[in-house]
Student: 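I am attaching a structure below and will ask some questions about it afterwards.
Numbers restart at 1 for each chain; the letters A, B, ... are given by sequence-line order, proteins then strands. Remember, it's a predicted structure, so these values are computed and weren't measured experimentally.
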2 protein chains.
Amino acid sequence: MNAPDTRTAILDLAEELVRSRSFNAFSYQDLADGIGIRKASIHYHFQTKEDLGVALVERLRRQAIAWASVLVERNATPLEKLDAYLDFQAQNCSSDGLICPQGVLGAEYNALPSRVQESYVEFLEQIQTWLASLLRKGQEQGVFMDDVPPEDQAALIQSAIQGALQLSRASGKQQRFEAVAKGLRDHVLCPVDG
Amino acid sequence: MNAPDTRTAILDLAEELVRSRSFNAFSYQDLADGIGIRKASIHYHFQTKEDLGVALVERLRRQAIAWASVLVERNATPLEKLDAYLDFQAQNCSSDGLICPQGVLGAEYNALPSRVQESYVEFLEQIQTWLASLLRKGQEQGVFMDDVPPEDQAALIQSAIQGALQLSRASGKQQRFEAVAKGLRDHVLCPVDG
DNA sequence: GTCTATAGCGGGATAGAC
DNA sequence: GTCTATCCCGCTATAGAC
């Protein structure tokens with residue numbers, strides 16, 4: 001949408017198609033039709049589909065880092081960071097039928113080109129590390145429950161969010177996502193106040 | 001394997017391929033090669049791939065009902081049922097690279113044939129209903145936390161389990177699944193004993 | 001119920017003109 | 001950087017012999 005250049009337009013549409021249908025269920029023809037150019041022109045920017053997949057996941061990683069750095073500049077608290085994360089994922093859950101790319105790629109992991117697999121695993125670890133880090137800080141500050149290691153809390157949150165997006169989309173009940181997000185938040189919060 | 005008839009052998013292998021690669025990333029040729037017959041013979045049993053997908057999901061639904069009825073015959077308590085469910089999903093998390101079919105089909109939902117989508121949604125609702133029912137009973141018996149509606153607990157458990165399988169497989173860290181399963185169990189259990 | 005053979009299409013990818 | 005044209009392959013699906 002209104003991308004500054006063709007390469008960006010391709011990545012934008014590819015991301016949308018991954019989140020809608022999965023990596024293996026869209027084609028260069030779909031990209032060409034959506035952008036209004038020919039298949040061969042897509043190959044000029046991304047010689048193979050594996051190249052496109054790697055570029056897509058690497059862009060997701062950079063975007064995630066940029067997104068997180070905004071929170072740092074705002075001196076966001078651990079709870080504010082967690083809420084920002086939950087809100088961000090909730091936006092996926094509107095009516096557009098898109099879910100988070102992590103979940104899609106994880107589900108078809110064995111069918112991904114090998115270099116896409118590698119980028120994807122690093123992306124997952126980046127999210128896991130970021131979540132565990134903010135959860136640890138929240139535990140130290142006494143606002144999060146510390147009966148469980150922050151790494152385990154992070155794994156639960158990451159898993160539940162991506163699973164909930166999948167369930168909500170298919171069932172058509174987005175309140176199911178909201179219930180999960182609220183449950184996760186209450187689960188880590190110390191039971192002093194809301 | 002060692003299926004009694006060809007039709008069952010096809011369904012068994014199709015299920016394995018879905019759980020490994022996704023529905024859209026395996027072909028009739030894969031089935032034919034794995035079973036040792038020709039593509040055209042697969043079409044004799046399942047005229048279209050959509051038919052195969054529907055038969056597969058419907059079989060999953062029947063198997064789930066049969067599995068649950070065994071627990072009823074054993075007079076299993078709500079906690080025993082929950083543990084059986086977590087154990088069953090944990091078996092997926094061994095080293096064979098397979099995850100639960102619910103998660104795979106949910107991730108590629110928009111790319112599924114329409115009748116497969118319909119069967120899949122009913123499968124999801126069946127699991128959700130079963131989980132919510134056992135959680136409600138556990139709440140009534142005072143063994144599960146009742147600060148949250150059982151439907152919301154069920155959505156959290158179902159989401160987290162299928163997300164955790166996806167994360168664990170890709171990251172190669174199956175302890176991440178175990179941490180999630182343990183976290184879910186502790187989350188619903190009343191904090192009296194383990 | 002399984003086979004051979006083939007139709008018909010769409011996939012990823014490349015060559016070369018503009 | 002985008003185009004036309006094309007290659008080759010694998011896919012789903014069907015026809016008809018055995």
Side-chain angles (χ1 to χ4, degrees), chain A residues 1-18 20-57 59 104-105 108 110-117 119-120, chain B residues 1-18 20-57 59 104-105 108 110-117 119-120:
Chain A
M1 345 209 158
N2 287 348
D5 54 64
T6 302
R7 186 187 160 91
T8 306
I10 295 168
L11 286 171
D12 288 348
L13 182 52
E15 183 176 325
E16 185 181 320
L17 288 167
V18 164
S20 169
R21 294 189 218 160
S22 88
F23 184 78
N24 286 298
F26 80 89
S27 69
Y28 272 39
Q29 191 63 58
D30 295 324
L31 295 172
D33 293 344
I35 294 171
I37 57 177
R38 301 290 169 173
K39 266 200 305 180
S41 308
I42 313 283
H43 280 284
Y44 170 81
H45 296 279
F46 302 98
Q47 204 167 358
T48 70
K49 204 180 174 187
E50 177 165 20
D51 292 333
L52 172 59
V54 171
L56 182 57
V57 177
R59 191 178 73 154
V104 177
L105 299 176
E108 61 181 342
N110 286 343
L112 294 177
S114 61
R115 281 162 44 229
V116 178
Q117 288 182 332
S119 282
Y120 172 67
Chain B
M1 316 276 168
N2 287 347
D5 53 63
T6 303
R7 185 187 160 92
T8 305
I10 294 169
L11 285 171
D12 288 349
L13 182 52
E15 182 176 327
E16 185 180 320
L17 288 168
V18 164
S20 170
R21 295 189 218 161
S22 86
F23 184 78
N24 286 299
F26 79 89
S27 70
Y28 272 39
Q29 190 63 59
D30 294 324
L31 295 171
D33 292 344
I35 293 169
I37 57 177
R38 300 290 168 171
K39 269 197 303 180
S41 307
I42 313 284
H43 280 284
Y44 170 81
H45 296 279
F46 303 98
Q47 205 166 358
T48 70
K49 203 180 175 188
E50 177 165 20
D51 292 333
L52 172 59
V54 171
L56 182 56
V57 178
R59 191 178 73 153
V104 177
L105 299 176
E108 61 181 343
N110 286 342
L112 294 176
S114 60
R115 280 162 45 229
V116 178
Q117 288 182 332
S119 282
Y120 171 66

Student: Touch check for F26(B), heavy atoms < 4.0 angstrom, all strands: base, sugar-phosphate only, or nothing?
Tutor: sugar-phosphate
Student: Please tell me if S27(B) has a side-chain N or O lying less than 4.0 Å from either OP1 or OP2 of dC11(D).
Tutor: yes
Student: For R38(B) and dT4(C), what is the distance between atoms CZ and P respectively, to the nearest whole Å?
Tutor: 4 Å
Student: H43(A) NE2 to dG1(D) C1': how many Å, rounded?
Tutor: 15 Å
Student: Checking contacts here: which listed nucleotide (dT4(D), dT2(D), dG12(C)) is nearest the side-chain heavy atoms of A40(A)?
Tutor: dT4(D)
Student: Specify the separation, in whole Å, of atom CD1 of I10(A) and atom P of dG12(C).
Tutor: 13 Å
Student: Between C1' on dC3(C) and NE2 on H45(B), what's the gap in Å once rounded to a whole number?
Tutor: 12 Å
Student: Taking the side chain of S41(B) as heavy atoms from C-beta outward, which of dT2(C), dT12(D), dT14(C) is closest to it?
Tutor: dT2(C)
Student: Rounded to the Å, how far apart are K39(A) NZ and dG10(C) P?
Tutor: 10 Å
Student: Respond yes when some side-chain nitrogen or oxygen of Y44(B) is under 4.0 Å from OP1 or OP2 of dG1(C), and no when none is.
Tutor: yes
Student: Take atom CG of N24(B) and atom C1' of dG10(C), then tell me their distance rounded to the nearest Å.
Tutor: 14 Å
Student: Q29(B) side chain N/O closer than 4.0 Å to the phosphate oxygens (OP1, OP2) of dT12(D)?
Tutor: no
Student: Roughly how far apart are H45(B) NE2 and I37(B) CD1, rounded to 0.5 Å?
Tutor: 5.5 Å
Student: Other residues, nucleotides and ligands only: do more than 12 of their heavy atoms fall within 6.0 Å of CD on Q29(A)?
Tutor: yes
Student: Would you check if E50(A) and S114(A) make a side-chain contact, meaning some heavy-atom pair closer than 4.5 Å?
Tutor: yes
Student: Looking at dG1(C), I'd like to know if its phosphate oxygens (OP1 or OP2) sit under 4.0 Å from a side-chain N or O belonging to T6(B).
Tutor: no
Student: Between T6(B) and Y44(B), is any pair of side-chain heavy atoms under 4.5 Å apart?
Tutor: no
Student: Could you give the CD1-to-P distance, from I42(B) to dT14(D), as a whole number of Å?
Tutor: 15 Å
Student: Return the value, rounded to whole Å, for the distance between atom CZ of F46(A) and atom C1' of dG1(D).
Tutor: 14 Å
Student: Quick check for you: to the nearest 0.5 Å, what is the distance between L31(A) atom CG and K39(A) atom NZ?
Tutor: 11.5 Å
